Amino acid sequence: QVQLVESGGGLVQPGGSLRLSCTTSGSIFNFYVMGWYRKAPGNQRELVARITRSEATNYHDSVKGRFTISRDNAKNTMYLQMNNLKPEDTAVYYCEADPNYWGQGTQVIVSS
């Protein structure tokens, strides 16, 4: 059974940085596409960033230039480097791997 475990969330001030990690129970190379999603209270879940096995990436417009998605096949881990965080980035962040495997989520709170 595939398991995805996120870590790295927390409380940070506006303008600060966090790095989220998503570690898989098996080889990350098995997943062609992986992504980070987020869900804020009262909002629908939205795609934040996505990366393919060939490391092609795409981002939600609101995070372009601030967030970077990457994957380390040797460590079976996907990352989301989040810089210049804003209060509107506050949400539970989930990692996802095709076809439809999800982690439990990690909370990110951006507040002064």
Side-chain angles (χ1 to χ4, degrees):
Q1 183 174 349
V2 174
Q3 290 186 322
L4 306 178
V5 179
E6 301 102 333
S7 61
L11 172 64
V12 64
Q13 292 186 341
S17 298
L18 285 173
R19 188 177 79 158
L20 305 183
S21 300
C22 173
T23 301
T24 67
S25 58
S27 173
I28 197 173
F29 199 74
N30 291 334
F31 308 113
Y32 179 68
V33 178
M34 298 185 70
W36 287 98
Y37 291 74
R38 65 186 180 189
K39 188 179 185 311
N43 291 354
Q44 292 187 335
R45 186 173 60 194
E46 63 181 9
L47 174 66
V48 177
R50 181 182 293 164
I51 186 168
T52 69
R53 187 183 295 152
S54 59
E55 302 193 7
T57 60
N58 63 287
Y59 296 90
H60 190 281
D61 284 346
S62 67
V63 307
K64 286 181 179 177
R66 299 189 298 122
F67 290 11
T68 303
I69 189 172
S70 62
R71 56 193 288 173
D72 186 332
N73 293 335
K75 295 182 178 180
N76 293 326
T77 301
M78 176 179 65
Y79 302 98
L80 185 68
Q81 177 66 45
M82 306 187 294
N83 297 329
N84 190 22
L85 282 159
K86 303 177 180 181
E88 51 264 43
D89 295 318
T90 294
V92 178
Y93 285 71
Y94 300 89
C95 70
E96 185 266 347
D98 66 310
N100 207 33
Y101 298 109
W102 292 87
Q104 81 288 349
T106 185
Q107 177 76 59
V108 172
I109 299 173
V110 184
S111 175
S112 55

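All values reported here derive from a predicted model rather than from experimental measurement. Residue numbers run from 1 in the order of the sequence given.
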### Message
Tell me the closest heavy-atom pair linking Arg71 and Asn73, and the distance in Å.
### Response
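Looking at all heavy atoms of both residues, the shortest contact is NE-OD1, 3.6 Å.
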### Task
Write down the atom of Ala40, the atom of Ala91, and the distance for their closest heavy-atom approach.
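Heavy-atom minimum between the residues: N-CB, 3.8 Å.
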Same cluster or not: are [X] and [Y] linked, directly or through other Ile, Leu, Val, Met, Phe, Trp or Tyr residues, by side-chain heavy atoms under 4.5 angstrom apart?
X      : Y     : answer
Tyr79  : Leu20 : no
Tyr37  : Ile51 : no
Ile69  : Leu85 : yes
Tyr94  : Leu4  : no
Tyr101 : Leu80 : yes

### Message
Counting only heavy atoms from other residues, nucleotides and ligands, does the tally under 6.0 Å from NZ of Lys75 exceed 12?
### Response
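Counting other residues, nucleotides and ligands, NZ of Lys75 stays at 12 neighbours or fewer.
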[Y] backbone acceptor or donor facing [X] side chain under 3.5 Å:
X     : Y      : result
Glu96 : Trp36  : no
Arg38 : Val92  : no
Glu6  : Gly105 : yes
Ser25 : Gln3   : yes
Asp98 : Tyr32  : yes
Asn76 : Ile28  : yes
Asp89 : Lys86  : yes

### Query
Within 45° of the six-membered ring axis of Tyr59 and under 6.0 Å from that ring's centre, is NZ or CZ of Arg50 located there?
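Ring-cation test returns no.
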### cation_pi(Arg45, Trp102) dist<6.0 Å, angle<=45
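Arg45 over Trp102 ring: yes.
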### Query
Given Ser17 and Asn83, is the side chain to side chain donor-acceptor pair (under 3.5 Å) satisfied, shown in steps?
CA-CA 4 Å; Ser17 298; Asn83 297 329; 2.9 Å; yes
### Task
Start with the C-alpha distance between Gln81 and Phe67, add both sets of side-chain angles, then the distance that settles side-chain contact (heavy atoms from CB on, under 4.5 Å), and finish with yes or no.
CA-CA 5 Å; Gln81 177 66 45; Phe67 290 11; over 6 Å; no
### Message
Check this for me: does any side-chain nitrogen of one of Glu46 and Lys39 sit under 4.0 Å from a carboxylate oxygen of the other?
### Response
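Here Glu46 does not pair with Lys39 in a salt bridge, since their nearest N and O are not under 4.0 Å apart.
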### Message
Assess whether a salt bridge exists between Lys64 and Asp61, defined as any Lys/Arg side-chain N lying under 4.0 Å from an Asp/Glu carboxylate O.
### Response
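Salt bridge between Lys64 and Asp61, a charged N being under 4.0 Å from a carboxylate O: yes.
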### Contact check, side chains of Thr24 and Met34, non-hydrogen atoms, under 4.5 Å
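Of all side-chain heavy-atom pairs linking Met34 with Thr24, at least one is under 4.5 Å.
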### Query
Looking at side-chain heavy atoms only, is the closest gap between Ser111 and Gln13 below 4.5 Å?
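No, side chains not in contact.
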### Query
When rounded to the nearest 0.5 angstrom, what distance separates CD in Gln104 from OG1 in Thr106?
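Those atoms lie 7.0 Å apart.
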### Message
Would Thr77 and Ser21 count as a side chain to side chain donor-acceptor pair (under 3.5 Å) here? Give the steps.
### Response
CA-CA 7 Å; Thr77 301; Ser21 300; over 6 Å; no
